[in-house]
Q: 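Below is one structure. I have some questions about it.
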Amino acid sequence: MDVAEQTQAPTDPSTVDSQRVPTVIADDVHVIYRIHKGAAANTGATAALKRIVSRTSTPNIREVHAIKGVSFTAYQGEAIGLIGSNGSGKSSLLRTIAGLLPPARGAVYTLGQPSLLGVNAALLNDLSGERNVALGCLAMGMSPDQVKRITPEIIEFSGINERGDFASLPMRTYSSGMGARLRFAIAAAKEHDVLLIDEALATGDRKFRIRSEQRVRELRANAGTVFLVSHSLGSIKDTCERTIWLEGGVLKMDGPTDEVCRAYEGR
Amino acid sequence: MANTAVANLHPRLTPAELAQRHGLKVANDRPPLREYTRQVWAYRHFITAYSRAKITSSLSNTRLGQLWQVLTPITNAAVYYLIFGVILSQGRGSIDNFIAYLCTGVFVFIFTQTAVANGTSAINANLGLIRALHFPRAALPITVTLVQLQQLLMSMVVLAAIVLFTGEPITLRWLLLAPILFLQTIFNIGLTMVMARFGSKVADLKQIMPFVLRTWLYASGVLYPVSLLRDHLPDWAATLMEANPALIYIELARYALLDSNRENLVATPMQLWGTALAWTLVVGIGGFVYFWRGEKEYGRG
């Protein structure tokens, strides 16, 4: 790990303290998943019995150290890209920032309630798009009146009704792109202090991507902070001026998007 | 090493101090109990909408859809009628109207039974939702109970028909059913919360619960007259069994609905009310506090 790389802060350090308001501070965050290996080897009934008899600790629980001591500070109005190969801990880090996944060690401090927008945000597939919108908005803490007012806007923004009345059909009939668009539209309906976007923009078509990038810029303009996980360096370069590169659960580089992307591509 | 970047930006401040200075809070911190209660209340619309959505989606693939909410208790009652009314025809000693007696017990017990069974997986079955959205997790066990409450209310309509059909009069005491079911609902919410937290840690619990619940069924005087407990058990065991919350709620429901059964209650109505209230308060509040204490851990899975 190169310390010199890490210290390349996006702005001049001397101006930071007085003027910029931090929205997310990660302080040496560790995330450990405890996984039941399930049907993997050595979990047969006899093996389980042997374990109980010999009183050895259960080997079918494996610990996966997904994030190993990541620290950074994010400020108001910043859009930060998160890059790294598959399994490098990007999504885990987002979940931890959102407060949805408790860190094993260290702490994450946030201003307000960060909101995670992921492709696997669970909505009820048997319900119509409209009812999912209502449910999602209620889950974000809106009042029923607000929900009623905002539902048509969300449907409109998601564009799922462009090919007939899909809003009243169950979500299991949607294409993956439509589902992702609806989820993004729901999450983007609210003003967030911190918005975390996990690959959600990748599935939409070109028209929707332009609309959603516009929405991300609006959210930033309202002094929010946006985190964006993506494997498409193009969309990171378009929306983010700062980028964090994670590799194997360790923060490898943190700095201006151009530099980090160049290093990432040339690895 | 990991702190270098931060230290360079803020030479004088540790991350924790910086966070405090700008009013940042620890993500996924557990709110104080009072605040947590307020949050749960603020999410009441979500809870009701989510329960309704669960009910709709659970039956959306069936041809008869919502009709099953009534058909299930009717089928249930029919099976018990077949076994206890036709095959084992009466012979139940002191109970005059055994079919109504039995159905009251079965429907009231199923409310608690299903809520507890589903509550055991309330956290683990919703990990996707928990890791995607922010809401007080207590909403999940409450939802489980409310879904079953809705089912119970349907069963109560069927039960009223059965009770009338078997020749019981309508009395003012029927109104008591509302407070009884209210107490039972609070009790169920509390118990579901306890089970949800247990179940989130020990997934094996789900495999054991059917047996625990069946044992509870036999100990609750559902399938046979409660008086059998006193006849066949030593005194202390019978007293213990008679304090069983499920039995208390069932006896209260029988007291409210069955005029013919007024002489056969396990205790005086006042005693029953007192015990029911005590159970409701202890389990309702205790379960909520116990669940709240684990709030931070639920995303980990």
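Below, chain A is the first sequence line, B the second, and so on; all start at residue 1.
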Q: Looking at Tyr290(B), I'd like to know if its OH atom is crowded, meaning that more than 12 non-hydrogen atoms belonging to other residues, nucleotides or ligands lie closer than 6.0 Å.
A: yes
Q: At their closest point, which heavy atom of Leu138(A) faces which heavy atom of Tyr43(B), and how far apart are they?
A: O-CE2, 3.7 Å
Q: Any chance CH2 of Trp68(B) has more than 12 other-residue heavy atoms, nucleotides or ligands included, within less than 6.0 Å?
A: no
Q: Taking all atoms of both residues into account, what is the closest heavy-atom pair of Thr56(B) and Arg131(A), and its distance?
A: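 Looks like OG1-NH1, 3.6 Å.
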Q: Kindly check if the number of other-residue, nucleotide or ligand heavy atoms within 6.0 Å of CZ (Phe166(A)) is above 12?
A: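 Open: at most 12 neighbouring heavy atoms sit under 6.0 Å from CZ of Phe166(A).
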Q: Side chain, backbone, both or neither: which part of Ala139(A) has an atom under 4.5 Å from a heavy atom of chain B?
A: both
Q: For Arg172(A), is the CZ atom crowded, meaning more than 12 foreign heavy atoms sit under 6.0 Å from it?
A: yes
Q: Starting at OG1 of Thr73(A), measure out to CG of Leu18(B) and round the result to the nearest 0.5 Å.
A: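 It is 6.0 Å, given to the nearest 0.5 Å.
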Q: Quick check on Arg44(B) against chain A: is it the side chain, the backbone, both or neither that has a heavy atom closer than 4.5 Å?
A: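 Neither part.
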Q: Heavy-atom cut-off 4.5 Å, strictly under: side chain, backbone, both or neither for Ala49(B) against chain A?
A: both
Q: Name the member of Ile97(A), Val24(A), Val31(A), Val108(A) that forms the most heavy-atom pairs with chain B at distances under 4.5 Å.
A: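 Highest number of heavy-atom pairs under 4.5 Å: Val108(A).
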Q: NE2 of His45(B) to CG of Asp145(A): how many Å apart, nearest 0.5 Å?
A: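 The distance works out to 8.5 Å.
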Q: Measure distances from Thr96(A) to the heavy atoms of chain B and classify the residue's part below 4.5 Å as side chain, backbone, both or neither.
A: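 Answer is backbone: N, CA, C or O of Thr96(A) sit under 4.5 Å from chain B.
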